[in-house]
A.B. asks: 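One structure, as structure tokens, below. Some questions next.
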Amino acid sequence: MDLTKLEEIQLDCAKRVIKIEVLKEIKTVGGIDVTFESSKENPTKAWACIVIISLDTLKPIYQKIIEDIVDFPYIPTFLAFRELPLMKRVYTEAKSKPDVIFIDGQGISHPRGCGIASHFGVEVGAVTVGVAKKKLLGNYEPPKETRGSYSYLIYNGEVIGVVLRTKDKVKPLFVSIGHKISLEKAIELVLRTSIYRIPEPLRLAHNLLQRLRKQVLGK
DNA sequence: GCGACAG
DNA sequence: ATCTTGTCGC
């Protein structure tokens with residue numbers, strides 16, 4: 001594989017990212033996650049799941065899982081080339097589409113401005129938010145211990161996202177613009193959909209996949 | 001060269 | 001991400 005070529009794709013994708021609000025009303029939020037059968041084998045079986053919740057109740061109103069084979073390895077800053085195919089397929093085949101989609105990973109907080117959440121948003125033409133459990137790059141001050149507190153993630157003197165506390169005294173999340181949304185709105189949505197550390201759409205999608213994986217592995 | 005390094 | 005058990009704190 002030629003990583004230089006893939007870097008060019010990411011740079012081109014970054015130019016097409018829209019960093020402002022385009023939605024006037026948001027009623028549903030979705031989350032897409034991927035899990036793998038094996039962490040060692042390279043071509044390996046994998047599953048992608050989308051869960052859509054109602055912003056009013058925070059309860060799921062739609063969910064779908066697809067299965068496929070993944071052969072691209074995990075390489076830091078190139079995550080999209082491993083997980084995007086599965087994510088795009090589960091989204092395309094879903095009979096219902098959410099107003100906004102949370103993606104497990106970075107949005108524009110990426111060395112070339114195109115993490116998986118932005119990449120997905122641009123390719124699918126959807127509104128997305130990057131919700132990562134760890135930082136990929138940038139510097140920040142620890143946010144206060146109370147839920148709702150946040151500090152800015154800075155890279156090259158620019159704000160590329162926030163470090164957001166979604167639960168008191170629990171490790172914060174790294175939230176960034178994915179596509180067609182403002183950072184302020186992204187923060188508001190992640191907070192509004194978080195009961196536990198991880199926002200409901202992603203937490204539920206992750207839980208469904210973990211249960212399926214254990215079932216398949218016979219445990 | 002050394003440390004960092006989404007999932 | 002996955003590999004893995006119990007354990008401490010709210």
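Only this structure's heavy atoms are used, side chains among them; waters, hydrogens and symmetry mates stay out. A note on names: the letters A, B, ... follow the listed sequences, proteins ahead of strands, and every chain is numbered from 1.
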A.B. asks: Hey, could you give me the NZ/NZ distance between A:Lys95 and A:Lys64, rounded to the nearest 0.5 Å?
C.D. replies: 6.5 Å
A.B. asks: What integer distance in Å separates A:Lys214:NZ from C:dT4:P?
C.D. replies: 12 Å
A.B. asks: Look at the rings of A:Phe81 and A:Phe72 and say which category their plane angle falls in: under 30° parallel, 30 to 60° tilted, over 60° perpendicular.
C.D. replies: tilted
A.B. asks: Could you identify which residues of residues 169-196 of chain A place a heavy atom less than 4.0 Å from some atom of DNA chain B, listed by residue number, or say none?
C.D. replies: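 Those residues: none at all.
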A.B. asks: Does a nitrogen or oxygen in the side chain of A:Lys134 sit under 4.0 Å from OP1 or OP2 of B:dA4?
C.D. replies: no
A.B. asks: How many whole angstroms separate atom OH of A:Tyr155 from atom P of B:dA6?
C.D. replies: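 Atom OH in A:Tyr155 sits about 14 Å away from atom P in B:dA6.
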A.B. asks: Could you give the CG-to-C1' distance, from A:Leu217 to C:dC3, as a whole number of Å?
C.D. replies: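 Nearest whole value for this atom pair: 12 Å.
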A.B. asks: Just to be sure I understand the rule, does A:Phe72 reach a base, reach only the sugar-phosphate, or reach nothing, if contact means heavy atoms closer than 4.0 Å?
C.D. replies: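 Since no nucleic acid heavy atom lies under 4.0 Å of A:Phe72, the category is nothing.
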A.B. asks: When you measure from the side-chain N and O atoms of A:Gln210 to the phosphate of C:dT2, is any distance below 4.0 Å, counting only OP1 and OP2?
C.D. replies: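 Checking C:dT2 against A:Gln210, a side-chain N or O does come within under 4.0 Å of OP1 or OP2.
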A.B. asks: Within this structure, what is the CD-to-P distance between A:Gln10 and B:dA6, rounded to whole angstrom?
C.D. replies: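 My rounded result for the distance is 14 Å.
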A.B. asks: Check for me: is A:Phe36 stacked on C:dA1 by the 5.5 Å centroid and 30° plane-angle rule?
C.D. replies: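 A:Phe36 ring does not meet the centre or angle cut-off for C:dA1; no stack.
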A.B. asks: Between A:Leu3 and A:Met1, is any pair of side-chain heavy atoms under 4.5 Å apart?
C.D. replies: yes
A.B. asks: Nearest to the side chain of A:Ser39, which nucleotide is it out of B:dA6, B:dC5, C:dT2?
C.D. replies: C:dT2
A.B. asks: Measure the distance from CZ on A:Arg82 to C1' on B:dG7 and round it to the nearest whole Å.
C.D. replies: 8 Å
A.B. asks: Do other residues, nucleotides or ligands put more than 12 heavy atoms under 6.0 Å from the CD atom of A:Glu67?
C.D. replies: yes
A.B. asks: Assigning hydrophobic clusters by single linkage (Ile, Leu, Val, Met, Phe, Trp, Tyr; side-chain heavy-atom cutoff under 4.5 Å), is A:Val190 placed with A:Val159?
C.D. replies: yes
A.B. asks: Could you work out which one of B:dA6, B:dC5, B:dG7 sits closest to the side chain of A:Gln106?
C.D. replies: B:dA6
A.B. asks: Quick one about A:Thr44 and A:Glu41 (side-chain donor to acceptor, distance below 3.5 Å, no hydrogens or angles considered), yes or no?
C.D. replies: no
A.B. asks: Tell me the interatomic distance from A:Glu41, atom CD, to C:dA1, atom P, rounded to whole angstroms.
C.D. replies: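 Taking CD of A:Glu41 and P of C:dA1, I get 18 Å after rounding.
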A.B. asks: Output the rounded distance in Å from CG (A:Leu84) to P (B:dA6).
C.D. replies: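 From A:Leu84 CG to B:dA6 P: 18 Å.
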A.B. asks: Any side-chain donor-acceptor pair under 3.5 Å between A:Ser176 and A:Ser109?
C.D. replies: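 Short answer, yes.
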A.B. asks: Which part of the nucleic acid does A:Leu137 contact within heavy-atom distance under 4.0 Å: base, sugar-phosphate only, or nothing?
C.D. replies: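 The answer is nothing, as A:Leu137 stays clear of every strand by at least 4.0 Å.
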A.B. asks: Does A:Arg213 put a side-chain nitrogen or oxygen below 4.0 Å from OP1 or OP2 of C:dC3?
C.D. replies: yes
A.B. asks: Quick one: label A:His119 by what it contacts on the DNA or RNA (base, sugar-phosphate, nothing), any heavy atom closer than 4.0 Å.
C.D. replies: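 Nothing, no heavy atom under 4.0 Å.
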A.B. asks: Is it possible for you to check whether A:Lys97 lies under 6.0 Å from the centre of the six-membered ring of A:Tyr91, through NZ or CZ, and within 45° of that ring's axis?
C.D. replies: yes
A.B. asks: Using only side-chain N and O atoms of A:Lys40, determine if any of them is under 4.0 Å from OP1 or OP2 of C:dT2.
C.D. replies: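 False: A:Lys40 side-chain N/O out of range (4.0 Å or more) of C:dT2 OP1/OP2.
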A.B. asks: Can you find a side chain N or O atom of A:Thr35 that sits less than 4.0 Å from OP1 or OP2 on C:dT2?
C.D. replies: yes
A.B. asks: Can you measure A:Phe78 atom CZ to B:dC5 atom P for me and round it to whole angstrom units?
C.D. replies: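 Result: 17 Å.
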